[in-house]
Participant: 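Take a look at the following structure, please.
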Amino acid sequence: MMDKATQLLNPMKVQDDMEVNKPDTATRILDVAERLFVEHGFEATSLRMITQQAEVNLAAVNYHFGSKDALFESVFMRRIGPFVAACLAELDALEQSGQALTAEALVLTFIKPCLMLSKDPTKGGALFVRLMSRTLVENHRLLREALNQQYSVFVQRYSSAFQAALPQFETEDIAWRMHFAFGVMFNAFAGNDVLKIFVRSQVVSARDPDMVVKHLVPFVVAGLTAPV
């Protein structure tokens, strides 16, 4: 770190150091947009809000991303790729282990990456999990189409695995159960502490990832395996 004398003698060096430590423009836009999309949703977040808080002009957003839709997709895609890869790696390890596929084991292949992600701010942390949850609720057509195209392998792999683990159910029943199960799991990590409505305690919090997992897994497994 420079002393004051060095700063006075070489102000350009100080400016250069500040620029080196400053995130590049595209990353700054993505970080700010991610936070605002979580706080306000896609529709209520304007490009003006993003440019003001990222301290850039509209031309910079257009140069790097082209449009608000493309920016939203970029925010989402930079996080979802590594997350999906982590889930599939867990699923590969389970299938290659030789142990029987169970609903609980499959749920954990998804929960473990969620837990790791929620604790790692460099990969988006709880903020991205909240964004993912909000995106599943809001009908952002272009993003859903992109996900269907790029991550169909994720859907196919998990669908096949759950069908193998739950052979007593029809394909349509399994699709419904996966729909509800994944919705519950995403929302459980979203950081919306609705639990406070039911339990007035400073100790109990739905924003504690480990506590979420403890109560979430048996709940989801019970729903997946319940009789028709």
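We're numbering straight along the sequence, starting at 1. Being a predicted model, the structure only gives us computed values, none of them experimental.
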Participant: With rounding to the nearest 0.5 Å, note down the distance linking CE in Met49 to CD in Glu39.
Facilitator: 7.5 Å

Participant: Distance from Leu115 atom CG to Phe110 atom CZ, nearest 0.5 Å?
Facilitator: 12.0 Å

Participant: Any sub-3.5 Å donor-acceptor pair from Arg78's side-chain atoms to Thr27's backbone N or O?
Facilitator: no

Participant: Go through the steps for Arg35 and Thr45 under the test side chain to side chain contact (heavy atoms under 4.5 Å, CB included), then give the verdict.
Facilitator: CA-CA 10 Å; Arg35 176 172 52 78; Thr45 299; over 6 Å; no

Participant: So how far is it from Glu73 CD to Ile80 CD1, rounded to the nearest 0.5 Å?
Facilitator: 12.0 Å

Participant: Have a look at Leu108 and tell me which of Thr102, Val217, Leu94 forms a side chain to side chain contact (heavy atoms under 4.5 Å, CB included) with it.
Facilitator: Val217

Participant: Out of curiosity, Leu106 CG to Leu91 CG, how far, rounded to the nearest 0.5 Å?
Facilitator: 6.5 Å

Participant: Dump the intermediate steps for side chain to side chain contact (heavy atoms under 4.5 Å, CB included) on Phe182 and Tyr158, then the final yes or no.
Facilitator: CA-CA 11 Å; Phe182 279 93; Tyr158 271 93; 4.1 Å; yes

Participant: Any side-chain heavy-atom pair from Ile50 and Lys68 closer than 4.5 angstrom?
Facilitator: no

Participant: Under a 4.5 Å side-chain heavy-atom rule over Ile, Leu, Val, Met, Phe, Trp and Tyr, are Tyr63 and Val75 clustered together?
Facilitator: no

Participant: Any sub-3.5 Å donor-acceptor pair from Thr51's side-chain atoms to Leu58's backbone N or O?
Facilitator: no

Participant: More than 12 non-hydrogen atoms from neighbouring residues, nucleotides or ligands closer than 6.0 Å to CD on Glu172, yes or no?
Facilitator: no

Participant: Got a second to check how far Leu224's CG is from Phe219's CZ, nearest 0.5 Å?
Facilitator: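 Between atom CG of Leu224 and atom CZ of Phe219 there are 10.5 Å.
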
Participant: Rounded to the nearest 0.5 Å, how far apart are CD of Gln163 and CD of Glu170?
Facilitator: 10.0 Å

Participant: Identify the two heavy atoms, one from Pro113 and one from Glu90, that lie closest to each other, and give their separation to 0.1 Å.
Facilitator: CG-CG, 4.0 Å

Participant: Decide if the gap between the ring center of Phe162 and the ring center of Phe169 is smaller than 6.0 angstrom.
Facilitator: no

Participant: Which heavy atom of Gln168 sits nearest to which heavy atom of Ala165, and what is that distance?
Facilitator: OE1-O, 4.4 Å

